[in-house]
Structures are given as C-alpha cells and as structure tokens.
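Atoms within a ligand are numbered from 1 in the order they appear, just like the ligands themselves.
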Amino acid sequence: SATTKQQRKGAGEMKSAVAPSAQQRIDTNPPRGTRDFLPDDKRLQTWLFNEFTAVSKSFGFEQIDFPVLESEELFVRKAGEEITEQLYNFEDKGGRRVSLRPELTPSLARLALQKGKGLALPAKWFAIGQCWRYERATRGRRREHYQWNMDIIGVGGVEAEAEVLAAITQFFAGVGLTSADVGIKVSSRKVLQQVLEQVGVPEETFGPVCIMVDKVDKLPREKVVEGLTALGLSEEVAERILSALAVREVGELEGLLGADNEAVKDLKRLFGLAEAYGYADYLVFDASVVRGLAYYTGVVFEGFDREGNLRAICGGGRYDKLLGTFGGENQPCVGFGFGDAVIVELLSDKGLLPAIPHAVDDMVVALDAELHDVACRAAAKLRQQGREVDLVLESGKKMKWVFKQAERCGATRVVLVGKDEWERGMVRVKNQETREEQDVAIDDL
Ligand code: HAM
C-alpha cells in the first residue's frame, strides 16, 4: 500500500541517522556487565535466595524492600567514595534527579527516618534486592548484582554485630563453607577515630580519611599518605594511622591504645560473644579493614576466601550516624551486604553448587488429538491438588517423543490419555521411577 511505501521510504532516509533497517539483527547480549537468567541460572538463584531467606528468618528478621529507583540525593556523599562515582543516575521526564540504587542501606535509612518514632525498636530487617554500580566488570563484580542485607536498627552494643556475624557464618556453614574455606576480617573504625581525636582532626574529616585509608591495598603507600595530607593531616599522623593498621592481634592493639579504649573493649567483647555462639573460628582480627563506605562508625567486617582468589564475599559494619546525615535523629544501626556473584564463584570453585534440575510431578499427554480435552481435565484435577503438571500441548506425538519429553521435564509420573483406556473412563499412569503402569479413573487421580 501507499502508506507502507511511504513508511519504507521514510525509514530509508533515516537509516544512517536513527533507525536500523528492519533486517539488521539487534545485539542479543544483555548490556555490558549485566546478566540474563536462563532457567538453570534462575533455579540456582532461587536456591541461593532461599538460603539467604531461611537464615534471616531463623534469626527472626522480617523482610522489607524498596524501589530500585531512588532520589539521587540519597546516594550523593562527598567523601570520595567509589560508589558515588559509579551511580546510574539521570534526570527523569519530570526533571527529577534519580538513580538506580547502588546499595540498599540509604533506602533503609530513609525508611527508618520516614517511620520516625512510629518504628518499634529494635527493628531487625532483611532484604534481597538488585543493585546497580557502573563498575569495571571483573570476576564476581558486575554492573548489577543482587545483595542480601541484614540490618538491626536500635541496638548500640556489639551484641548486634555478634548477631549479624552469626547469621553470615550460619549461612557459610549451611552451604558447606567451613572456617578453613572462608573467614571474616573484623576491625573497628574507632581505632582510627582514637588516633584522629588525639591529634584534633575535625569529625567531618573522619569519613574521607577512612575512604583514603581503605585504598591502602590498591595504591602505593606514599599515594595514601599524600591523600591523607591533602585532607589536612600531617605526614606524621598519616604514618601513625598506617602503622596502627598493621596490627593483627587484639592484644597488640590493647598495648597500643590501652585497655580502656572503646575499640579494644568492643572487639574483645565481640570475639568473646563469637566464642559463645561457636563461630569464633571464622573471625580474624585485622586492623587494616576499614571499608570503603563513608558512613561506618564502629565495628567493620569483610568476608573473604582463605585462598585469596576472589574479592570480598560480603561486608558490613556499624553506622550510627547515617540517619543524622539525612537530617534525622541518629539511631544505632548495624548490618551487612552479601552479594550473589562472588559466593557463586566460590561455591563453584569448591564444587559446592547444588545440582538443581528442572522437575515436575506429572506430565500429562493426550495420545490422540481428540482427547486433548480429557488431558486438560486430568491436568486441572492434578493441579488443584497442588501437583506441578506439565501438560503436553501438541498432539499426535510418537511414544518415543513422549518419554523423551517426560525425561526433559523431570516428571515423576506420566499420565497417558489413550483411546482404549478412555473408553472405560480411565487414564494410564506410569511411574517413571519404578516403570509400573496403572489404569486410574480420572476422578481418582
Ligand atoms: P559493599 O561492601 O559496597 O557494602 O557491598 C557489599 C557486598 O555486595 C560486597 O561484599 C559484594 O559481595 C557485593 N557487591 C558490591 N558491589 C558489587 C558488584 N559490583 N558486583 C557484585 N557484587 C557486588 C554495601 O553495599 C553496604 N551497603 C552493606 C551494608 C548493609 N552495610 C550495612 N548494611
């Protein structure tokens, strides 16, 4: 028709500028750094999320969620963190600055603020959600990942840290990772705080100093010292901070800071509680753990694989002042984020990923096109009873195909609707495991 011709002509003219020609195949890969989940991947993800959920519930945590898209201001912090440079942010059609969330914690703080005094404390919440960071994709690091979070709002003592660490180690043990496979490095930012207070560094410099110190593994030492002096610290203070971070024993830290120091007291109590719970084997004190997010104020921790092949498995800590930075009243908060990517790499390396094949209870098939109605009736009956049923939608298939299909969908039983049986109001039920066959009245299925 004329219109089509015109459209074609128009499209042709635009070709080089905008629209690809109709025949041109699109790039079928998902955007760089993101993943598709085919059925096998999705089953594995469901298994993993079920493990996360089961652990959270066994600790009495309630599940929450927030939008993936948030107001940009929630994530903009001026401490020089990597995460704020990696935002998927843009202006929406209403001119509002928004961002895909790079993490869940700011949303949790927003919700706690919104509830205000109406929030019953302590609140113990868990969430599993997709996060977006414009990162350079490496093994276990992507531009989107799912994060399991457990957070406690309203408990100021390290009993809260001990509880969330217990959850992480319970998860590890549950999936077969022993303390010989993985560990959790623990420290406290109060170590740094003490050093900074002694030399009169202003409070607002604390976050940026922590971010700089966190780079000690990635940058040459002199670069870190340079960064610290740029924040107003003297070279001597910078060196003092860096040597305090070399400590690997709580006892040594006590010698350095004194037994009355808060970090020392917190860590001793925390390690004591870990003994009581029975997961102390997983914990390692390591003063160099500072973490790269500005809002942590006390204990910080990071899960790692003992072979050292992968990046952090999980990370978290205490953040008692985050609500205040959003203009609200501060609340003591503790929690962690646990990604879905590194753990799968690790479980795969260790041969600990479960095999989860596709499986249904029954496959129902009409051996004759006219009997498809009966097959539908049989399938509906079985589904009403809560069975998972794959109904074959094509007719006239050969028996060889039928049994191959039954294997493919992992059916434990095959319900065959054939002429001879149906004349007697029966269908044939074949048990795939025992190979036994039995004719059953459709109402008795
Ligand atoms: P985070 O250390 O930035 O902390 O991330 C926590 C975990 O999320 C990481 O240890 C890793 O497992 C996973 N993760 C982060 N970025 C990526 C990525 N690009 N690809 C794959 N996995 C990734 C936080 O996000 C804090 N909000 C955690 C927290 C909750 N602290 C207190 N409550």
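- The protein non-hydrogen atom at the shortest distance from atom 24 (C) of ligand 1 is L293 CD1, 3.5 Å.
- Remark: ligand 1 and E144 share no N or O pair separated by less than 3.5 Å (distance only, no angle test).
- Taking CG from L113 and NZ from K115, the interatomic distance works out to 12.0 Å, rounded to the nearest 0.5 Å.
- In summary, R43 and D40 engage in a salt bridge, as defined by a charged side-chain N under 4.0 Å from a carboxylate O.
- Near G315, with a cut-off below 4.0 Å to any heavy atom, the atoms of ligand 1 are 10 (O), 28 (C).
- When F336, Y295, F338 are ranked by how near their heavy atoms come to atom 26 (C) of ligand 1, first place goes to Y295.
- Taking CD1 from I153 and NZ from K124, the interatomic distance works out to 12.0 Å, rounded to the nearest 0.5 Å.
- Annotation for ligand 1: atoms under 4.0 Å from non-hydrogen atoms of D151 are 30 (C), 32 (C), 33 (N).
- In Q147, the part holding a heavy atom less than 4.0 Å from any atom of ligand 1 is the side chain.
- Proximity of I313 to ligand 1 is established by a heavy-atom distance of less than 4.0 Å.
- Side chain to side chain, R291 and Y296 meet the donor-acceptor criterion of an N or O pair below 3.5 Å.
- Contacts with ligand 1 closer than 4.0 Å are made by no heavy atom of V334, backbone or side chain.
- Counting atoms of ligand 1 from 1 in the listed order, those under 4.0 Å from a heavy atom of T105 are 26 (C), 27 (N), 29 (C), 30 (C), 31 (N), 32 (C), 33 (N).
- Within ligand 1, counting atoms from 1 as listed, the ones closer than 4.0 Å to a heavy atom of C314 are 10 (O).
- No donor-acceptor pair closer than 3.5 Å links the side chain of Y279 to the backbone N or O of S179.
- In the model, E163 has a side-chain atom that pairs as donor or acceptor with a side-chain atom of Y277 under 3.5 Å.
- Taking every non-hydrogen atom of E103 and a distance limit under 4.0 Å, the qualifying atoms of ligand 1 come out as 24 (C), 25 (O), 26 (C), 27 (N).
- In the candidate list E81, R142, R141, H145, R141 is nearest to atom 11 (C) of ligand 1, counting heavy atoms.
- Close N/O approach between G339 and ligand 1 is found [any backbone or side-chain N/O within under 3.5 Å].
- Distances shorter than 4.0 angstrom do not occur between any heavy atom of F301 and any atom of ligand 1.
- Classification of R269 and E161 as a salt-bridged pair fails, no side-chain N sitting under 4.0 Å from a carboxylate O.
- The contact set between ligand 1 and N149, taken as ligand atoms under 4.0 Å from a residue heavy atom, comprises 30 (C).
- Atom CD of Q130 sits about 9.5 Å away from atom NE2 of H145, to the nearest 0.5 Å.
- With a 6.0 Å radius and a threshold of 12 heavy atoms from other residues, nucleotides or ligands, Q45 has its CD atom above the threshold.
- Both tests do not hold together for K321 against F206: distance to the six-membered ring centre under 6.0 Å, angle to the ring axis within 45°.
- Proximity of G140 to ligand 1 is established by a heavy-atom distance of less than 4.0 Å.
- Assignment of R291 to the shell around ligand 1 is supported, since a heavy atom sits closer than 4.0 Å.
- Taking every non-hydrogen atom of G337 and a distance limit under 4.0 Å, the qualifying atoms of ligand 1 come out as 6 (C), 7 (C), 28 (C), 29 (C), 30 (C).
- With a 4.0 Å cut-off on non-hydrogen atoms, Y296 touches ligand 1 through its side chain and not its backbone.
- A salt bridge is absent between R133 and E103: the closest approach of a Lys/Arg side-chain nitrogen to an acidic carboxylate oxygen does not fall below 4.0 angstrom.
- Atom 25 (O) of ligand 1 has as its closest protein heavy atom R133 NH2, 3.1 Å.
- In this structure, R35 pairs ionically with D340, as a charged nitrogen and a carboxylate oxygen lie closer than 4.0 Å.
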